[in-house]
There are 2 protein chains.
Amino acid sequence: MRIRTPADLGTLIRSTRKKLQLDQSTLAKKIGVSRLWLVEIEKGKPRAEIGLVLRTLDALGISLNATTPESQSPKRPESTVDIDRIVATAREPRK
Amino acid sequence: MRIRTPADLGTLIRSTRKKLQLDQSTLAKKIGVSRLWLVEIEKGKPRAEIGLVLRTLDALGISLNATTPESQSPKRPESTVDIDRIVATAREPRK
DNA sequence: TTGCAAAGTAAGCGAGCGCTTACAACTGGA
DNA sequence: TCCAGTTGTAAGCGCTCGCTTACTTTGCAA
């Protein structure tokens, strides 16, 4: 499953928890957070701590894989200066 | 790359940022956070908000995939009744 | 219907977030 | 060497986290 937003995470966590037939209390205890926290997370809370979220995924046996686009060439900001002009000017004999 | 801890995230973000030849300030602006926040994240801060972290990955073009273990069969609590015995008994001609 | 477990809501509190401003340390190039 | 760009550190502040306690709502079964 593709994770883009906190809501995605909430959905994933909730469905996985149900698949494993765990109730919020027991899962919360396993993770080391309060049940209330789980409620909020499953609702898609965007300001939760990553540390706890990662522990949650771990507790559910979910593994996260990051794919960095190889294709994306190392983009250098396009120059705002005309280096050729500058060089040409510099080459001109000073008066 | 496998993501297990906030430190993993920090490493990934930093290396990807460098690959894209972005400095902290410009990336921070792109994400909508302060440069200081980025410094902390790249150090592996465990208590940052997921929302911001996800936005960061997005800004870097990194996609996250969650793999829930198919293997793990949806465990149903083992039955306390011996259905075979019951059926067998039911089959017996009533006296 | 009554009863119970699971899930959701509400309020109050200490702790730490992420922000800004400011300065220091580390680079690489002139 | 000096200098500019990049990165790291420090302090102070408003805000919200995640926690606890307590109550309400929902779902299901007796």
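Values below: every heavy atom of this structure, side chains too, minus hydrogens, waters and symmetry copies.
Proximity of a side-chain donor or acceptor of T26(B) to a complementary backbone N or O of L22(B) within less than 3.5 Å is not detected. Looking at R55(A), its side chain does come within 3.5 Å of a backbone N or O of I31(A) through a donor-acceptor pair.
Within residues 39-57 of chain A, the residues that place at least one heavy atom under 4.0 Å from DNA chain C are, in residue-number order, K43(A).
Comparing G32(B) and R14(A) against DNA chain C, the residue whose closest nucleotide sits nearer the 5' end is R14(A). Of the residues near DNA chain D, W37(A) and L36(B), the one whose nearest nucleotide (by heavy atom distance) lies more toward the 5' end is L36(B).
E49(A) is not listed as a side-chain neighbour of V53(A), based on a closest heavy-atom distance of 4.5 Å or more. Using a 4.5 Å heavy-atom cutoff, the side chains of N65(A) and R2(B) are in contact.
Taking a heavy-atom distance under 4.0 Å as the criterion, the stretch of DNA chain C touched by chain A extends 5' to 3' from dA6(C) to dA10(C).
Between L22(B) atom CG and dT7(D) atom C1' there is a gap of 15 Å when expressed in whole angstrom units.
Between its opening and closing five pairs, the helix from dT1(C)-dA30(D) to dA30(C)-dT1(D) changes axis direction by 40°, a value rounded to 10 degrees.
For the pair R35(A) and dA22(D), the criterion of a side-chain N or O lying under 4.0 Å from OP1 or OP2 is not met.
We find the CD1-OG1 distance between I41(B) and T56(B) to be 6.5 Å, quoted to the nearest 0.5 Å. The distance from atom NZ of K45(B) to atom CG of L9(B), rounded to the nearest 0.5 Å, is 14.0 Å.
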Show your working on side-chain contact (heavy atoms from CB on, under 4.5 Å) between R14(A) and K43(A) and close with a plain yes or no. CA-CA 9 Å; R14(A) 169 157 257 224; K43(A) 276 201 296 185; over 6 Å; no

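Closest non-hydrogen pair, L27(A) versus A59(A), comes out as CD1-CB, 4.4 Å. Between A66(A) and L12(B) the shortest heavy-atom distance is CB-CD2, 3.5 Å.
Between the side chains of T11(B) and D8(B), no donor-acceptor pair is found at a separation under 3.5 Å.
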